[in-house]
Amino acid sequence: MNITTNLSGIGMTSQRTRSRLIQRLRDKGIIEESVLAVMEKLPRHIFIDEAMAHRAYEDTSLPIGMGQTISQPYIVARMTELLVMSGKMDNVLEIGTGCGYQTSVLAGVSKWVYSIERIQPLQKQAIERFKLLGLHNVNYRHGDGYLGWEEEAPFDAIIVTAAPDQVPQPLLDQLVVGGRMVIPVTSSPGVQQLHLLEKTDEGISSMQVEEVKFVPLLGGVVK
Ligand code: SAH
């Protein structure tokens, strides 16, 4: 595997570079200090191929292989803060582990994280990174996240990091009452709206947050 294993980083991947990214996130409106604190400590360069590591602290999405991307730091921060600021974070489900960066941010603000990825080679690399970082509250599964993780449900919060055309019903079913979900939903070809949903006694309430760009949520698995 070709991941940059220098945790602290030098030059373009140093702590000072990381702090500049955090300032940029503040400038863009991120206000949840617990999320900013976790992201300030987390080395994003270890989630990216070595050849690309010098761009790790730019506020941009980058390719991670297998046609997938690591999400833009602003989007990771925004989706995480929407969940943290709206309620409990004991049992959190993530759909789309990818490189594992969002998972690792969640691990810093949740009690337990459950993350599902459909592409096994990506998942394997992500697991190596969780070990490298010493994260002990992350559980992972290779499977189709559309179906959620029935055995570990219900969840206080669900984050979906790939875009479906509609909110998957199994995920709504696996939220506790009072549980929230952040999910990009395709509204027209190539255009997605980020939604914050909440399950209440009366049903599902929904708020549109902003326009986003994610890879599509696909069915089935890749070995
Ligand atoms: N969370 C990542 C972003 C990953 S990109 C980050 O921190 O940057 C989206 C990921 O969702 C891809 O790895 C893709 O393979 C995965 N994905 C797409 N459809 C899926 C599905 N049905 N179940 C699980 N993972 C899925």
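Just follow the structure's listing: the first ligand is 1, and inside any ligand the first atom is 1. Index from 1, following the sequence.
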Nearest neighbour in protein (non-hydrogen) for atom 9 (C) of ligand 1: T161 O, 3.3 Å
For S71, the ligand 1 atoms whose distance to one of its heavy atoms is below 4.0 Å: 3 (C), 6 (C), 8 (O)
Any N or O on G96 sitting closer than 3.5 Å to an N or O of ligand 1? yes
Nearest non-hydrogen protein atom to atom 7 (O) of ligand 1, with distance, is Q102 N, 2.8 Å
Is any side-chain N of the basic residue among K111 and D156 closer than 4.0 Å to the acidic one's carboxylate O? no
Checking side-chain polar atoms at under 3.5 Å, does E40 have a donor or acceptor matched by the opposite partner on S19? yes
side-chain hydrogen bond (donor to acceptor under 3.5 Å, both in side chains) test vs T103 passes for just one of R129, E117, E94, namely E94
Taking the cut-offs as 6.0 angstrom to the six-membered ring centre and 45 degrees off its axis, would you call R44 and Y101 a cation-pi pair? yes
Let me confirm one number: the CD-OG distance from Q208 to S187, rounded to the nearest 0.5 Å. 7.0 Å
Hey, is the main chain of G100 close enough, under 3.5 Å, to the side chain of T97 for a donor-acceptor pair? no
contact_flag T97 ligand 1 heavy-atom lt 4.0 Å: yes
Per-atom filter on ligand 1: closer than 4.0 angstrom to a heavy atom of I119 are 15 (O)
Starting from atom 23 (N) of ligand 1, locate the nearest protein heavy atom and write down its residue, its atom name and how far away it is, to 0.1 Å. G145 N, 2.7 Å
Within ligand 1, which atoms have a heavy atom of I116 less than 4.0 Å away? 24 (C), 25 (N)
When you measure from atom 20 (C) of ligand 1 to every protein heavy atom, which one gives the shortest distance, and what is it? R118 CD, 3.3 Å
Between I22 and I70, is there shared hydrophobic-cluster membership here, with clusters defined by ILVMFWY side-chain heavy atoms closer than 4.5 Å? yes
Quick one: look at A162 and ligand 1, take heavy-atom pairs under 4.0 Å, and tell me if it's side chain, backbone, both or neither. side chain
With atoms numbered from 1 as shown, which atoms in ligand 1 lie under 4.0 angstrom from a non-hydrogen atom of Q68? 12 (C), 13 (O), 14 (C), 15 (O)
So, E58 and R24, do they make that salt bridge, N to O below 4.0 Å? no
Between L217 and ligand 1, find which residue part has any heavy-atom pair under 4.0 Å and reply side chain, backbone, both or neither. both
Establish whether I127 and I116 are linked, either directly or via other cluster members, by ILVMFWY side-chain heavy-atom contacts under 4.5 Å. no
Side chains of E32 and T80: donor-acceptor distance under 3.5 Å anywhere? no
Counting only heavy atoms, which portion of M66 has something under 4.0 Å from ligand 1: side chain, backbone, both, or neither? neither
Quick one: look at T103 and ligand 1, take heavy-atom pairs under 4.0 Å, and tell me if it's side chain, backbone, both or neither. neither
What residue and atom, counting heavy atoms only, is the protein's closest point to atom 19 (N) of ligand 1, and at what distance? L218 N, 3.0 Å
Heavy-atom contacts with I70 under 4.0 Å: which atoms of ligand 1 show up? List them by number with element. 8 (O)
Close-contact set for ligand 1 against L122 heavy atoms, below 4.0 Å: 13 (O)
Looking at R16, H45, R20, which one forms a side-chain hydrogen bond (donor to acceptor under 3.5 Å, both in side chains) with Y57? H45
Report the nearest protein non-hydrogen atom to atom 16 (C) of ligand 1: residue, atom name, distance rounded to 0.1 Å. E117 OE1, 3.4 Å
To check you understand the geometry: which heavy-atom pair defines the closest contact between N91 and P154, and what is its length? ND2-O, 3.3 Å
Determine whether any heavy atom of P216 lies closer than 4.0 Å to an atom of ligand 1. yes
What atoms of ligand 1 come closer than 4.0 angstrom to any heavy atom of G98? 4 (C), 13 (O)
Close approach of S61 to ligand 1, heavy atoms, under 4.0 angstrom: no
Taking L93 as the starting point, is it possible to reach L217 by hopping between hydrophobic residues whose side chains are less than 4.5 Å apart? yes
Which of the atoms in ligand 1, numbered in the order shown and given with their element, are less than 4.0 Å from a heavy-atom of T69? 3 (C), 4 (C), 5 (S), 8 (O)
